[in-house]
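Basis for what follows: all heavy atoms, side chains included, without hydrogens, waters or symmetry-related copies. Both counts, for ligands and for their atoms, begin at 1 and track the order of listing. Since the structure is predicted, the reported quantities are computational estimates derived from the model, not experimental observations.
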Amino acid sequence: MSPRSDHLVRPESPRPTGAEPAPGPSEPIVDDRLAFWAEQAGRLHWDTGWSQVLDWSNAPYARWFGGGRLNVAYNCVDRHVESGHGDQVAFHWEGEPGDTRTITYAELQREVCRTANALLSLGLETGDRVAIQLPMIPEAVFAMLACARLGLPHSVVFGGFSPAALQSRVEDAEARLLITSDGQYRRGRAEPMKANTDEATAATPCVEHVLVVRRTGLEVPWTEGRDLWWHELVGAQSDRHTPESFDAEHPLFVLYTSGTTGRPKGILHTSGGYLTQAAYTHSTVFGLDADSDVYWCTADIGWITGHSYIVYGPLANRTTSVMYEGTPNSPHEGRHFEIVERYGVSVYYTAPTLIRTFMKWGEDIPARHDLSSIRVLGSVGEPINPEAWRWYREHIGGGRAPVVDTWWQTETGAVMIAPLPGGPAVKPGSAQTPLPGISAKVVDHEGREVARGESGYLVLDQPWPSMLRGVWGDDERYRETYWSRFPTQGYYFAGDGARYDEDGDIWLLGRVDDVMNVSGHRISTAEVESALVSHQSVAEAAVVGASDSTTGQAIVAFVILRGAAAEAAAGGEDVVPALRDHVAQEIGPIAKPRQIMIVPELPKTRSGKIMRRLLRDVAENREVGDVTTLADSSVMDRINAGLAGGAPQAD
Ligand code: WTA
C-alpha cells in the first residue's frame, strides 16, 4: 500500500517537558517538514499506510507514521528479491584471515528466514529481547534482521566489551536469548568470545539459551540444554518464512551508550521512522546509486553507525556493501586499500581516528593501490580536523572525491547535519547544515540562538523520524538527560558544543559534558572512575579526556591510592599496569586509560566537585589555569610535585 501523504495532520501543541507548564516550541512545526518526511517514508513498503505523520502531543515521546504497519526485514531484504534483484550482491564479506563470502539478496533472504525460524523454535515471542555479541561476520546481520523480522528488539553489544559490561546490558534489557560466537579474530589471533559471554551470563537467569556461531574453531565451555550451535539449529531450518507486519512504533532495537553517569543508557529506537530516516540519509548524503555503487562503512555493528549504515539504511536502499571482519593493519597497513581496490569501493565511510592513523602510517601505503573507484568519502564519530579532512580527500579520494562530514548520535539514529554532495562549496572540518527535514540550532545557555561567528550549545528544535523513543526502562533519565536543559523551548540537547561561522554553517566543537570521545567511542568519565575505584588499591579517582593526536581524546586518570597500596607505591612498586588492566577488564580494552597518574589529592571546589578543567591542564601539559575556586589552592602544587618523577606511559 502506498503511503498516504494526504493524511497529514498538524500536531497538537507540545506538552511541557519540565515540571512547569511551558509554551510550545519557538516555531510551529511546519507542515512542509511533515510533508517532506511523508514523502521519504514512501521509500519503504508499508503493509498499512499511516494515518498521521507525526504525533508530538505526548512530547518528548514522538509517534511517527501512526497507524502505519510494516516489516523492517521485508523492507531490507525480501522486497528486493521480489523486484528481481535476488542476484545482486548484498555483501562482499571479507574475514580477517582472508576468507571471503559473497552474499546475494536471495541468499540473505534464505539466511534471515532460517535464522527467524530458529528463533521461533526457541519459543521467542514478539517483544522479547535478544542480546547479540558477535564479531563482524555475516551471522551478525542475519541475527539482527531475523529479530527485526519477528519483532524481537535486539541489543547488540560491541565484541570488545567485557563480561561485566555485557552482563549489565543483558540484565537491563532482560534478554531471553544471547547470540555469540566461539571466538573472534583480532590482529591475526583467534581470541575467545564464548568463554567471556559465559562469564557474563553466569548470573543472568533471564537468558534461557545461548546460540553460538562457530567462527574460529576454538574450544568452548558448554552448558548442555542452554547452549546451541548456530550451524546445527539454524542450519536445520526451512529457508522460507512469511513476515508479519508491525506497528510503525514497534521497538526495533535497544543500543546502550555511555552517559554522564557510570551506568550506560539503553537507547530505544522503533521501526517506521527509524528506517525512513536511515534510508533517506544513506541515499542522499552519499548520493547512492543502488545499481552501480559499492559501499563500505568501516564501523562495527556494535555501534549505532553499524546499525544504521551497515545494516538498516544500506539494505533498505538495496545497496551492495563491503563488510570486513578485522583490524585495518592485519596482516598489513594497506588492508583497507587492498579491499577498496578488490571490490571497486565507490563510497567509503569511516572515522577521523582511522584517517589520522592512516596519516601516521604514511601516504605511500594508499598510493600503492588503485583507489580510483572512490566517488564519495564520509566521516563520522568526532569533529574531523581540517588537516585530516584534506589528507583524506587528497590521498584516499584522489583529490577529487567530496568528503561529507556527518554529525549525528546514537540517540538521533541517523545523520542530522552534513553537507550534501554536489551542494555549495564544502568546508574542511565543518558538518555545515542540517539536512532537509531536520532543524538544528546553536543557542546560548538560555536557549537563545547565537549570532553568526559565535559558539554555544547544539540543540534540535524539532522532532525527527529516527529520534530515540526513550531510555529503556527509565523515563526519568530520558527526560532529565535530553529535555531538561531547555524545558521552556522544548529543545533536545545533544551534549555538543557548536559554532556558526560567518555563513551560518555549523562547526561541531566536541562534547560539553563529561562524556569523552576516544577513537569515536563514547565513554563517560564516571564509568572509568567507577571501574577504578572498584579496585582494592584505589581510594579515589578522577578521569579526564585529554586531546590526543590520533584518538581525538585519550583517557587520563588521576588516582589516590589506599593506605597499603600507597605505601607499596612509595616503596617503588608500580601499581599502574594492574589498574589499567583492571579498567580493561571492567569495561573493555577501549576504556584502558592512556595514562594513570598517582596523586596525593584531587582538586575540588568548596562544594566537593572535582575540577576536571585543572586536571585536563595537567594531562595536556599546560600551565594550570585559575585555581581560586579550589577549596585548597595548594593542591595543584602537590599534584605537580608528585608528578615531577615522571608520569607512566601507555603501552
Ligand atoms: C560526536 C556516533 C563532530 C558528537 C554516530 C556526538 C561528532 C557523539 C560527529 C555521538 C561529527 C559524531 N562531528 N562530532 N561528524 N559525529 N560526533 O552516539 O560528540 O557514538 O554527540 O554516535 O559523537 O556519538 P555516538
Counting the benzene-type ring for Trp, do Tyr500 and Trp507 have ring centres under 6.0 Å apart? no
Close residues (non-hydrogen atom under 4.0 angstrom from ligand 1) work out to Ile304, Thr305, Val380, Gly381, Glu382, Pro383, Asp405, Thr406, Trp407, Trp408, Gln409, Thr410, Asp496, Leu508, Arg511, Asn517, Arg522
Sequence neighbours excluded, the answer for salt bridge (charged side-chain N to carboxylate O under 4.0 Å, His left out) partners of Arg499 is none
Non-neighbouring partners of Glu620 that pass salt bridge (charged side-chain N to carboxylate O under 4.0 Å, His left out), sequence neighbours left out: Arg622
Can you list everything that forms a salt bridge (charged side-chain N to carboxylate O under 4.0 Å, His left out) with Glu586? Sequence neighbours excluded, please. none
How about Tyr280 and Phe36: are their ring centres within less than 6.0 Å of each other? yes
For Met136 against Trp93, the heavy-atom pair lying closest together: O-NE1, 2.8 Å
